[in-house]
Amino acid sequence: MIKCVVWDIDNTLLAGTYLESGDRPPAPDPELLAVARQLDGRGIVHALASKNPPSAAEYVAAVTGLPFAAAECGWGAKSQAVTRIMDDLGLAPDAVAFVDDDLMERAEVAAALPGVLVLSPEDAAEAPSWPEFSPAVLTAEGRRRGEMYAERRRRQDAARAFGGSRDDFLRQVGTQVTIGAAAPADLPRLHELSVRTHQFNTAIEPASEAALAGLLGSAGARLTVVRLRDRFGDDGLVGGAVTATETAPGPWQVSLLVMSCRALGRGVLDALLAALCRQAADGGAAELLIPCLVTERNVPLRLALAAAGFRAVPGGPEAGAPAAGGPVIFGRELGGTLPGLPDWAAVTAGAR
């Protein structure tokens, strides 16, 4: 699935050339603007990569009304601009499409970034009918993805200007993490996260809504969800977990742990891991196990597991070895001091 479209400006999103227009910059191309708005409604975010001054990106944002997640304006190679956008948004090349009217620019990006889907404006006009641009599941959080990335940009700008510690900043902006038991209305979003999220996802296969519904209310499983908000905006449901609870006083096992990358750096995954450890300990489990598929993309998740005291179970593949090609079981004994919850996180009674 394509998660982000990176647009050129001149003769692409704009029906003309910005720097050659004098005091009256060109209007948006009506066909491509309609495409961009349609994709935005499907939860696909937009970014700009253009050989123009930054004022061109500001103009395009104002005249289109689109919430661009990132903008790279300058006179370097377009492939470098696209790479910076991918790094900034935490996206893999195969989640990105690039649209440019210039054949040479398209060729340069295609050669440097073979995983990126490179399109002409004519191609882009047809893209909404392609399966890569048509997510099977779209939740309220998904529809707001572009807006949430714009909120993320404002949050990052404020964090750079803050000057204090990360925790002090999270408190200052009113971060609220709420961890609770899943309800039936949460299942489409949990399924969506299991499909779309790669950096923070332990699953070997996406979790279907039917499978999640079968576990909801089961005596042998707990479905936990996490919501996140602060003064910049409400991210809604950003993560969750499915825990098998039948083996107490032996180990409990987390069959799914998933978190939106927008929660990165905001203490949410740490809070969820702490809550899961406390749930298991309160339920009489001696250990919490989290099987995790080893991939190049989910290194941040495995680092978070290590920081929370989880270690690869002896006898299995070494933690973090991408060549293993299969799941590694991470375990944490629950008899000692458990990881603490940050003071901006709350666990509701239904999640305990």
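Of the options T348, L257, V254, I179, a side-chain contact (heavy atoms from CB on, under 4.5 Å) to T224 is made by I179 and by none of the others. Residue T12 forms a side-chain contact (heavy atoms from CB on, under 4.5 Å) with just one option from D101, V60, L119, and that option is D101. Screening R155, R160, R153 for a side chain to side chain donor-acceptor pair (under 3.5 Å) involving D157 leaves a single residue, R160.
With respect to the salt-bridge test (charged N to carboxylate O, under 4.0 angstrom), the residues D343 and R171 qualify. A salt bridge is absent between D234 and R227: the closest approach of a Lys/Arg side-chain nitrogen to an acidic carboxylate oxygen does not fall below 4.0 angstrom. Taking a cutoff of 4.0 Å between a charged side-chain nitrogen and a carboxylate oxygen, D100 and R106 do not qualify as a salt bridge. Using a 4.0 Å cut-off between charged nitrogen and carboxylate oxygen, D102 and K78 do not count as a salt-bridge pair. A salt bridge is defined here as a Lys NZ or Arg NE, NH1 or NH2 lying under 4.0 Å from an Asp or Glu carboxylate O, and K51 with E105 meets this definition. A salt bridge does not link D87 with R84: every distance from a Lys NZ or Arg NE/NH1/NH2 to an Asp or Glu carboxylate oxygen is 4.0 Å or more.
Side-chain contact, N52 with D10: a donor N or O sits under 3.5 Å from an acceptor N or O.
Note: T243 OG1 to L276 CG = 5.0 Å, rounded to the nearest 0.5 Å.
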request  = Evaluate the side chain to side chain donor-acceptor pair (under 3.5 Å) criterion for residues Y18 and S50: first the C-alpha distance (whole Å), next the side-chain angles of each, then the deciding distance (0.1 Å), finally the verdict.
outcome  = CA-CA 10 Å; Y18 178 78; S50 177; over 6 Å; no
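A donor-acceptor distance shorter than 3.5 angstrom exists from the side chain of R42 to the backbone of F133, with no hydrogens or angles considered.
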